[in-house]
Amino acid sequence: EAVLTCRLIDRPLRPSFADGYRNETQVVATIIGADQVNPHDVVAMNGASAALMLSGLPFDGPIGAVRLAYSVDGRWIPYPTYTEIEEATFQLVVAGRAVDGDVAIMMVEGNGTEKAWGYYEAGAPKVTEAVIAEGLAASKTWIGESIELQRRLAAEAGVREPLAWESQLDYGDDVLAAVEAYRSDIAAANSGADKTARNAATSALRDRIVGDLTGEGKPFEGQTKQVLNALRSVTKQAIRQRLVDEGIRIDGRGPRDLRPVSAQVGVVDTAHGTGLFQRGETQVLNVLTLGMPRMDQMLDTLSLQTKKRYMHHYNMPPYANGETGRIGGTKRREVGHGMLAERALLPVVPSLEEWPYALRLVSEVLSSNGSTSMGSVCASSLSLMDGGVPIKAPVSGIAMGLVKEGDTFITLTDILGAEDAFGDMDFKVAGTVEFVTALQLDTKLDGIPASVLAAALKQARDARLHILDVMMEAIDTPDEMSPNAPRIITVKIPVDKIGEVIGPKGKMINQIQEDTGAEITIEDDGTIYIGASDGPAAEAAR
């Protein structure tokens, strides 16, 4: 939870520092008290921005943030309590800054709640792209209030002397002109469908340019950093200019084109369920494991949630990018990507009463070139259905990008890693055929017009539905459970009979488990979960 909160804070603040500012800067959010009523993450986001406003750092703030919960009667509730979030169908966290008298959206995080599907079945309005657009518009009022409060704070408390700092991106016009001479070579090296070939070409060109310009006796001897900074700038311009002028992307696609998509299930015989999803050079294998309800994850956080039975974990080893690297503990990025995919599937996972299992899904990223988190969403849907889990509906996801040149906005479907780096937006949307289950938006622009964002949501929906069609060709309904998966049946007894089932010092329940080979868990309300490696053993225990 702390890692996810840090990511929420970081995402709108990082692009708000001046270009070229590279001084080490640390913002520490210390929670002095938690009332167990109000979430602390949005408070920490606003507090972090306020601290930076007082610091004298080159920070283009304030940044305001708000959480909104979508109620079952179709209202967006600002700053909801934990209870209001639990009783809602969807929640949004939105951050933005003031631009030309309006609030520009910089970051969005949203997901459906665990109860959402039950509410939809009862007639509550579903969260569509249009509903989310309404929520983003509503958020501006509350973000604006936070911005105004921070400005008042800075005016009353005073701001430190501005920090003296030097830009790390500075290069002269002469360096830029020298690199610009290689523009046609740069454009050619950054073209082509194969990522490995492109990387080889760009690396070779980089070494040639650095050697030509900074070697001994060369015009910019000793200025390697300046030449590399200019090279990045020219590369970015060349990629974006080709897109604006010709409508052609790095790998030759048009703005709306998806890369080839494939889906497969039943890849690992020993697993309870598996799904292999590939989109271009991004390939994710998801593995499902089912267990007894008591195998859920215990949580010890500042929120009210104490455990969860549906878990998604995400791993991306260095080889997925064709690199070597140290493998240690889970990194912040892996935590964030895993949680995004988990939240995207949560609204369609059956309740404990409907499906008495703990579920753990692990996404292994085998190859990466653009949105492995959305690849994990698709692979998770496949492995859940392959494992016989009666999910309410399959979920697919897609990552969208944006390039703004002048007054022209070009929205990109299924962005590559390089398009994320050189573009202006990373927008991930996941959902079923009918509604959105999760989304995440980050932008490097001052803000995105509502009309552009609405068009991006529509374009993302078209891509999602195409991906869902491919997934449904691989598996269209939940399959039979794997023979390797445990069989769990549920029995309900009167509470006053629990002691008899347990017996003196657990003698009775232990004897049943020993005789049948089943595992038995008894809840305080008299619900008994009987788990065994096969159906006959579970029935014998019953």
Below 4.5 Å, heavy atoms only, C-beta onward: do L13 and F59 meet side chain to side chain? yes

Roughly how far apart are I105 CD1 and I143 CD1, rounded to 0.5 Å? 4.5 Å

Does the side chain of R461 reach to within under 4.5 Å of the side chain of V429, using non-hydrogen atoms? no

Step-by-step side-chain contact (heavy atoms from CB on, under 4.5 Å) determination, L8 to M107: CA-CA 9 Å; L8 272 182; M107 189 278 292; 3.7 Å; yes

If you measure from the Lys or Arg side-chain nitrogens to the Asp or Glu carboxylate oxygens, is any gap between E281 and K195 under 4.0 Å? no

Candidates R343, Q91, M339, R67 - the one meeting side chain to side chain contact (heavy atoms under 4.5 Å, CB included) with E109: R343

Nearest 0.5 Å, what's the CH2-CG distance between W355 and L290? 6.5 Å

Rounded to the nearest 0.5 Å, how far does OH of Y310 lie from OG of S380? 5.0 Å

Residue that, paired with T413, satisfies side chain to side chain donor-acceptor pair (under 3.5 Å) out of Q459, H466, R259: Q459

Run the numbers on T83 and T81 for side chain to side chain donor-acceptor pair (under 3.5 Å), then give the verdict. CA-CA 5 Å; T83 301; T81 63; 4.5 Å; no

Could you grab the distance from atom CE of M316 to atom OG of S367, nearest 0.5 Å is fine? 9.0 Å

Do E145 and T141 pair up side chain to side chain, a donor and an acceptor below 3.5 Å, judged on atom types alone? no

Pair K308 + E342: basic N to acidic O under 4.0 Å: yes

Side chains of V433 and L468: closer than 4.5 Å at any heavy-atom pair? yes

So, do L439 and L92 sit near enough that their side-chain heavy atoms are less than 4.5 Å apart? yes

Is any side-chain heavy atom of V42 closer than 4.5 Å to a side-chain heavy atom of Y79? yes

Examine the side chains of S363 and N286 and answer whether a donor and an acceptor come within less than 3.5 Å of each other. yes

Spacing of S383 atom OG and I475 atom CD1 [to the nearest 0.5 Å]: 9.5 Å

Ion pair present between D424 and R240, side-chain N to carboxylate O less than 4.0 angstrom? yes

Beyond-backbone contact of Y357 with P486, side-chain heavy atoms, under 4.5 angstrom: yes

I'd like to check L412 versus M425 (side-chain heavy atoms, cut-off strictly below 4.5 Å). Are they in contact? no

